[in-house]
Amino acid sequence: MNPVVNLKAQLDGVEDLWSPRVVGRVNDQFVKVAKVKGALAWHKHDAEDELFLVLKGRLVIQYEDGAVTLEEGDMHIVPKGRMHNPVAAEECWIALVETVTTRHTGDVVTEKTKPVDRQIADGGTLAD
């Protein structure tokens with residue numbers, strides 16, 4: 001039997017912003033949590049969709065032709081190949097569901113980019 005994972009509790013000790021932490025795995029998908037504030041970077045994931053779920057606060061997903069605002073409890077799927085930029089005016093807690101091949105900032109590398117191996121190392125155990 002798999003243990004219960006409380007997503008908000010996983011974020012209690014997180015201090016680094018924009019630093020996803022893997023907290024589970026479902027088939028070929030990682031479940032991640034992160035605290036975010038400010039803007040990440042304009043980027044895209046050519047081969048993978050990306051699910052954002054707001055646990056606390058408000059997140060805006062900017063697109064080249066508009067934006068989607070997510071409140072606590074809202075989720076949104078960014079389609080593969082779509083340029084986007086997640087932005088939070090205040091600290092926001094999110095969960096992400098991403099294919100294991102998804103690179104943090106997609107086709108762009110910035111000082112905020114965190115490789116998947118560091119996301120796993122910071123995230124404890126994974127259920128296969």
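Judged by distance alone, with hydrogens and angles left aside, the side-chain atoms of Asn6 form a donor-acceptor pair with the main-chain N or O of Lys8 at under 3.5 Å. Although no hydrogens or angles enter the test, the distance criterion places a donor-acceptor pair under 3.5 Å between the side chain of Trp18 and the main chain of Lys37. Remark: the backbone N or O of Cys92 is not paired with any side-chain donor or acceptor of Lys35 at under 3.5 angstrom.
When all heavy atoms of Leu51 and Ile77 are compared, the pair lying nearest together is CD1-CG1, 4.0 Å. Summarising the geometry of Val23 relative to Val33, their closest heavy-atom pair is CG1-CG2, 3.8 Å, with the distance given to 0.1 Å. Contact detail for Lys80 and Asp49: the closest heavy-atom pair is N-OD1, 2.8 Å. The heavy-atom pair separating Gly73 from Leu53 by the smallest distance is O-CD1, 3.8 Å. Pairing each heavy atom of Lys44 with each of Gly81, the nearest pair is CD-O, 3.7 Å. For Pro20 against Ala34, the heavy-atom pair with the smallest separation is CA-CB, 3.9 Å.
Leu59 is connected to Val68 through a chain of hydrophobic side-chain contacts under 4.5 Å among Ile, Leu, Val, Met, Phe, Trp and Tyr, so both are in one cluster. Leu11 and Val5 fall within the same hydrophobic cluster, where Ile, Leu, Val, Met, Phe, Trp and Tyr residues are linked whenever their side-chain heavy atoms come under 4.5 Å apart, directly or through other members.
Between the side chains of His84 and Glu50, at least one donor-acceptor pair of N or O atoms lies under 3.5 Å.
Using a cutoff of 4.0 Å between basic side-chain nitrogens and carboxylate oxygens, Asp16 and Arg21 are not scored as salt-bridged. Residues Glu90 and Arg58 are not paired through a salt bridge, judged by the lack of any N-O separation under 4.0 Å between the basic side chain and the carboxylate.
With values rounded to the nearest 0.5 angstrom, Ile94 atom CD1 is found 11.5 Å from Leu7 atom CG.
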